[in-house]
Protein chains: 2
Amino acid sequence: MKLLDIAEVSRQSGIAASALRFYEEKGLILSVGRRGLKRLFEPKVLEQLGLIALGRAAGFTLEEITSMLAPAGKLKISRDRLAAKADELDSDIRYLIAMRNGLRHAARCSAPSHMECPTFRKLIRAAAAGLLAPEGKKPGARRSGRERKS
Amino acid sequence: MKLLDIAEVSRQSGIAASALRFYEEKGLILSVGRRGLKRLFEPKVLEQLGLIALGRAAGFTLEEITSMLAPAGKLKISRDRLAAKADELDSDIRYLIAMRNGLRHAARCSAPSHMECPTFRKLIRAAAAGLLAPEGKKPGARRSGRERKS
DNA sequence: GCTTGACCTCAAGTTCACTTGAAGTTGTAG
DNA sequence: CTACAACTTCAAGTGAACTTGAGGTCAAGC
């Protein structure tokens with residue numbers, strides 16, 4: 001089993017080396033040794049990183065993800081937890097669909113100004129209400145799509 | 001036309017007074033005078049705040065929203081811009097739906113461990129790819145649902 | 001044996017949208 | 001008149017997830 005250095009892991013995963021170091025510091029991934037100063041990773045870290053990406057995409061924080069990763073690099077996610085997150089996504093999706101439909105309407109609405117369009121005004125009220133109404137959610141970064149420098 | 005003080009605006013809009021001051025500082029809203037030190041707002045600021053909430057819900061930053069508000073407190077949003085944001089939401093929605101379906105499956109999948117479920121593994125690959133593939137997006141706070149202290 | 005460049009550590013900085021805290025001012029109730 | 005609650009300003013802090021910078025180390029190639 002050949003080990004990968006951080007540059008290789010970064011290249012194959014598309015995650016910046018600084019982020020990999022950060023993940024290791026946080027306990028999300030593990031390096032298995034050093035060559036000189038340089039970290040070495042097992043190839044399975046790539047699968048682990050995929051898992052982390054999935055967690056992030058689903059809206060879990062890194063801390064939550066950490067708690068789902070068992071020491072040995074395997075995962076221990078309860079099915080309940082997954083179902084709960086799916087429900088959460090469902091409500092996000094419904095909200096976004098309402099927004100999208102509203103925006104779509106406003107974009108092609110014939111009212112002279114948006115403020116005169118009843119659908120748009122309804123949207124505004126929905127948004128204002130949405131700020132308070134739906135079950136509390138933290139900012140959660142969705143689909144960061146970080147692009148790397150070089 | 002009776003003017004509202006900041007406490008009243010806060011109460012009616014559900015937005016913290018500190019946030020209202022912050023919005024004013026940023027040029028998103030305007031106070032029309034003072035009684036003593038205290039800011040006074042026109043009632044239409046409430047509609048303005050709804051507009052801001054809508055923009056935030058659609059994923060615009062405060063800066064972008066500022067650029068859509070014409071000086072007089074009316075808006076100047078191009079229909080193209082709305083349509084573009086609707087398209088963006090659409091792609092977000094598709095992505096979230098894929099995630100939700102995957103999570104839903106994993107939650108009731110009969111594989112002994114998630115890592116042995118092919119659907120889950122496919123999800124992981126999708127998430128890992130999603131980090132690089134889809135058109136770049138900034139973290140954007142979605143559905144903050146800030147709750148107020150008191 | 002020396003240079004080079006890729007890595008290392010650690011602290012501090014970034015972004016966004018606010019919040020919090022300290023210290024000051026003011027209209028109003030008593 | 002005085003106390004007080006409710007506002008005010010301004011600076012600094014928050015949290016998430018990293019990035020950036022300064023200064024250091026090391027294996028490999030010439």
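Each chain gets a letter, A, B and so on, in the order its sequence line appears, and its residues count up from 1. The shown structure was predicted, so the numbers you read here are calculated from the model rather than taken from an experiment.
- Salt bridge status for B/Lys38 with B/Asp5: absent, with no side-chain N to carboxylate O gap under 4.0 Å.
- The nucleotide whose nearest atom lies closest to any side-chain atom of A/Leu37 is, among D/dA17, C/dC18, C/dC8, C/dC8.
- Residue A/Lys26 contributes atom NZ, which lies 10 Å from atom P of D/dC18 at whole-angstrom precision.
- Taking atom CZ of residue B/Arg11 and atom P of nucleotide D/dC7, one finds them 12 Å apart after rounding to whole Å.
- Where B/Lys38 and B/Thr61 meet DNA chain C, the nucleotide closest to each residue was compared, and B/Thr61 sits on the side nearer the 5' end.
- When each of B/Arg34 and A/Gly36 is assigned the nucleotide of DNA chain D with its nearest heavy atom, B/Arg34 is the one assigned upstream, toward the 5' end.
- Remark on DNA chain C: of its neighbouring residues B/Arg35 and B/Glu63, the 5'-side contact belongs to B/Glu63, judged by nearest-heavy-atom nucleotide.
- The nearest whole Å value for the distance from the CG atom in A/Leu40 to the C1' atom in D/dA27 is 13 Å.
- Straight-line distance from the CZ atom of A/Phe22 to the P atom of C/dA11: 15 Å, rounded to whole Å.
- Across all strands, B/Arg21 comes closer than 4.0 Å to base atoms (heavy-atom distances).
- We find that CG of B/Asp5 is positioned 11 Å from P of C/dT28, with the value rounded to whole Å.
- Between A/Arg39 and the phosphate of C/dT9, there is a side-chain N or O to OP1/OP2 separation shorter than 4.0 Å.
- Contact annotation: A/Tyr23 does not reach the phosphate of D/dA17 (side-chain N/O to OP1 or OP2, under 4.0 Å).
- Salt bridge status for B/Arg11 with B/Glu8: present, with a side-chain N to carboxylate O gap under 4.0 Å.
- In terms of heavy-atom proximity, B/Ile65 sits nearest to B/Ile52 at CD1-O, 3.7 Å.
- Atom CZ of B/Phe41 and atom C1' of D/dT8 are 12 Å apart (whole Å).
- Taking atom CZ on A/Phe60 and atom C1' on D/dG15, their separation rounds to 19 Å, with Å as the unit.
- For A/Ala19, the side-chain atoms get nearest to D/dC18 when compared with the rest of C/dT19, C/dC8, D/dC18.
- Taking all atoms of both residues into account, the shortest heavy-atom contact from B/Ala17 to B/Ile6 is O-CD1, 3.6 Å.
- Salt bridge annotation for B/Arg104-A/Asp87: present, with a cationic side-chain nitrogen under 4.0 angstrom from a carboxylate oxygen.
- Rounded to an integer number of Å, the gap from B/Leu28 CG to C/dC18 P is 9 Å.
- Relative to the side chain of B/Leu62, the nucleotides D/dT19, C/dC18, D/dC7 differ in distance, and C/dC18 lies closest.
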